Amino acid sequence: VLNDINDQIAGGTGFSVISCNAKLISFAKQATMITEFVPFEMNRKELISKLYAHLKKCSVNEDMFIRTNEMLSATERYISELAQYAEGEFVTDEICDVTPLLKMFGLKFVDSYDTLEEKLLEFFLAMTEYAGKTVFICVNLRSCLSLQKAEKRPKGCLNGSLTLSSRNSF
């Protein structure tokens, strides 16, 4: 079953289904399977890419548009001036959005929580906010947490906004 679900998350087809209020939920669009908890990587490529896409949209909204253009222009001028200190002729690619700068500065989520439970909850909330994921399938979570902690409903999972499924593999 887990292989089938994982295949569907990757975009394949399968026979497993999940629903909420009699409405089918797409594993590919709304589910994330977590199989490694030690060390747990909060800043996964999918999440960081979605964060950057969100910030790119924010950078051109009416509050940030002028500041974004000023900053991009200033950055281009700085690079052109800096290039004058080197021999040769240079050109730069036009900076159209803030994404390259976000990558250059390594913007990422804080990853220093006291407990695995706190880190997982923050990951779940970030994945829900930026990637639209609402179903989290945790494989062998009980091997990393006590039974009591693994079955305890996280405080952030109120009102059914997050679905957490924990499965032990056989």
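These numbers were taken from a predicted model, which means no experiment stands behind them.
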**Student:** I need the minimum non-hydrogen distance between Y52 and L102, along with the two atoms involved.
**Tutor:** OH-O, 3.4 Å
**Student:** How are the rings of F123 and F40 set relative to one another: parallel (under 30°), tilted (30 to 60°) or perpendicular (over 60°)?
**Tutor:** perpendicular
**Student:** Should V60 and L72 be regarded as members of a common hydrophobic cluster, given that ILVMFWY residues are connected when their side-chain heavy atoms come within less than 4.5 Å of each other, either directly or indirectly?
**Tutor:** no
**Student:** Is there a donor-acceptor pair closer than 3.5 Å between any side-chain N or O of E118 and the backbone N or O of T115?
**Tutor:** yes
**Student:** Going hydrophobic residue to hydrophobic residue with side-chain gaps under 4.5 angstrom, can you get from L82 over to L101?
**Tutor:** no
**Student:** Give every donor-acceptor pair under 3.5 Å between a side-chain atom in residues 6-20 and any protein atom, sequence neighbours left out.
**Tutor:**
residue: Q8; atom: NE2; partner: D4; partner atom: OD2; Å: 3.0
residue: Q8; atom: NE2; partner: S16; partner atom: O; Å: 3.1
residue: S16; atom: OG; partner: D4; partner atom: OD2; Å: 2.6

**Student:** Which atom pair, heavy atoms only, marks the closest approach of F90 to A83?
**Tutor:** CE1-O, 3.8 Å
**Student:** Any idea which heavy atoms bring K133 and E46 closest together, and the distance?
**Tutor:** CE-OE2, 2.9 Å
**Student:** Given the rule that I, L, V, M, F, W and Y join up when any side-chain heavy atoms are under 4.5 Å apart, are Y130 and M42 in one cluster?
**Tutor:** yes
**Student:** If you compare all heavy atoms of I48 against all heavy atoms of L107, which two are closest, and at what distance to 0.1 Å?
**Tutor:** CD1-O, 4.2 Å
**Student:** Any side-chain to backbone donor/acceptor pair from T68 onto S59? Under 3.5 Å, distance only.
**Tutor:** yes
**Student:** Is a side-chain N or O of N61 found less than 3.5 angstrom from the main chain of C58, in a donor-acceptor match?
**Tutor:** yes
**Student:** Give a yes or no on whether a salt bridge exists between E129 and K50, defined as a side-chain N under 4.0 angstrom from a carboxylate O.
**Tutor:** no
**Student:** Who are the salt bridge (Lys or Arg N to Asp or Glu O under 4.0 Å) partners of K103, not counting sequence neighbours?
**Tutor:** none
